[in-house]
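Structure first, commentary second.
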Amino acid sequence: MASSTQDIGIDEESTASESESGLDSTTAGALSYLFGFVSGLLFYLIEREDRFVRWHAAQSMAFTGVLVVAYIALSFLGTAVSMATVSGSSGLFLAGSLFGLILGLVWLVVSLGSFVAWIYLMIKAYQGKVARLPIAASIADRLA
C-alpha cells in the first residue's frame, strides 16, 4: 500500500504552524485528501509557502490520477473481453465469463485498497507525517 515514511525536508515546527488557508498545517494536509483531486488542487493553489501542505496536496492529486487511470484501464479491458467473447462459442463465452469474474474481483480489491489508502493518508497527514505512495510520491516530489 504505502512505502516508507520519509522526510521531505519539513521541520516539525512548520507542521504545527498555521497555513495560508487559516488552518493548522496538519489539518490542511489531511483535508487535501478529503475530496481527492478537487481538494488537492484547492490546497495546492491556496498554499504557496507551506511545503508540507503542498506536498500532501500534490500527492492527493497524483493518487487520484493514478486511480482514475487504473479504473479506466480495468473498464476498457473488461469491455474488450466481453465484446470479444459474446459472439463466440460456448467455451469462449465461459472463458470470458470467468475472466470477467476475475476482473470484477480485481476491481473490488483496487477499490477497497484505495479506500484504505485514502484513510491511511489522511491519518498520517493529520499526525504530521509523510506516507509515500510508490507512484504518487514521486509525482508529488516534482510538483511540490
Side-chain angles (χ1 to χ4, degrees), residues 1-88 92-93 95-144:
M1 178 171 67
S3 64
S4 65
T5 57
Q6 290 182 337
D7 182 28
I8 57 170
I10 300 170
D11 300 335
E12 286 298 320
E13 298 157 6
S14 69
T15 59
S17 66
E18 189 173 289
S19 62
E20 292 177 26
S21 63
L23 298 170
D24 191 37
S25 290
T26 56
T27 304
L31 288 176
S32 66
Y33 292 103
L34 187 61
F35 297 114
F37 188 84
V38 174
S39 59
L41 181 62
L42 180 69
F43 279 103
Y44 187 78
L45 294 175
I46 290 173
E47 299 295 336
R48 294 288 178 194
E49 302 296 322
D50 194 337
R51 183 161 163 72
F52 180 80
V53 176
R54 282 184 65 83
W55 190 88
H56 280 288
Q59 181 167 266
S60 172
M61 292 186 299
F63 177 58
T64 306
V66 167
L67 286 178
V68 166
V69 168
Y71 288 138
I72 289 172
L74 286 172
S75 296
F76 180 75
L77 185 61
T79 302
V81 167
S82 61
M83 292 300 290
T85 60
V86 91
S87 62
L92 187 61
F93 180 74
S97 298
L98 183 61
F99 185 76
L101 177 66
I102 292 169
L103 198 61
L105 292 174
V106 169
W107 184 287
L108 179 65
V109 167
V110 169
S111 297
L112 289 175
S114 63
F115 178 73
V116 169
W118 174 66
I119 297 293
Y120 175 78
L121 290 170
M122 282 198 298
I123 290 170
K124 285 298 182 182
Y126 189 71
Q127 292 173 344
K129 297 188 171 137
V130 176
R132 300 177 57 88
L133 296 177
I135 298 170
S138 62
I139 296 170
D141 287 338
R142 285 180 271 158
L143 289 175

For this session: Measure the CD1-CD1 distance between Ile119 and Ile123 for me, rounded to the nearest 0.5 Å.
Result: 6.5 Å
Exercise. How would you list, by chain and number, every residue that makes a side chain to side chain donor-acceptor pair (under 3.5 Å) with Tyr126, sequence neighbours excluded?
Worked result: none
For this session: Tell me, with the steps shown, if Val38 and Leu42 meet side-chain contact (heavy atoms from CB on, under 4.5 Å).
Result: CA-CA 6 Å; Val38 174; Leu42 180 69; 5.7 Å; no
For this session: Report the residues that fulfil side chain to side chain donor-acceptor pair (under 3.5 Å) with Ser114, sequence neighbours left out, ordered by chain and then residue number.
Result: Tyr71
Problem set entry | With sequence neighbours excluded, residues passing side-chain contact (heavy atoms from CB on, under 4.5 Å) with Leu143 | Tyr44, Ala58, Met61, Ile139
For this session: Quick one: closest heavy-atom pair of Ala28 and Val53, and the distance?
Result: CB-CG2, 3.8 Å
Exercise. Given side chains that start at C-beta, do those of Leu121 and Leu133 come closer than 4.5 Å, heavy atoms only?
Worked result: yes
For this session: Apply side-chain contact (heavy atoms from CB on, under 4.5 Å) to the pair Val109 and Leu105, showing each step before the final yes or no.
Result: CA-CA 6 Å; Val109 167; Leu105 292 174; 5.6 Å; no
Problem set entry | Where Ser39 and Ser32 come nearest, the two heavy atoms and their spacing | OG-O, 2.8 Å
For this session: Report the distance from atom CD1 of Ile46 to atom CG of Leu41, rounding to the nearest 0.5 Å.
Result: 9.5 Å
Exercise. Would you call Ile135 and Phe63 a side-chain contact if the rule is heavy atoms closer than 4.5 Å?
Worked result: no
For this session: Identify the two heavy atoms, one from Gly40 and one from Ala57, that lie closest to each other, and give their separation to 0.1 Å.
Result: O-CB, 3.2 Å
Exercise. Which side-chain hydrogen bond (donor to acceptor under 3.5 Å, both in side chains) pairs, counting each pair once, include a residue from residues 57-67, with sequence neighbours left out?
Worked result: Tyr33-Gln59
For this session: Calculate, to the nearest 0.5 Å, the distance between atoms NE2 and CG belonging to His56 and Leu31 respectively.
Result: 12.0 Å
Distance-only donor-acceptor hits, side chain of residues 76-83, under 3.5 Å, sequence neighbours excluded:
{"unit_1": "Thr79", "atom_1": "OG1", "unit_2": "Ser75", "atom_2": "O", "d": "2.9"}
{"unit_1": "Ser82", "atom_1": "OG", "unit_2": "Gly78", "atom_2": "O", "d": "3.1"}
{"unit_1": "Ser82", "atom_1": "OG", "unit_2": "Thr79", "atom_2": "O", "d": "3.1"}

Seminar exercise, completed: Taken to the nearest 0.5 Å, the spacing of Glu47 CD from Arg54 CZ works out to 9.0 Å
Exercise. Can you check whether Leu67 reaches Trp118 side chain to side chain, under 4.5 Å on heavy atoms?
Worked result: no
For this session: Would you indicate whether the side-chain heavy atoms of Val116 and Leu112 approach each other to under 4.5 Å?
Result: no
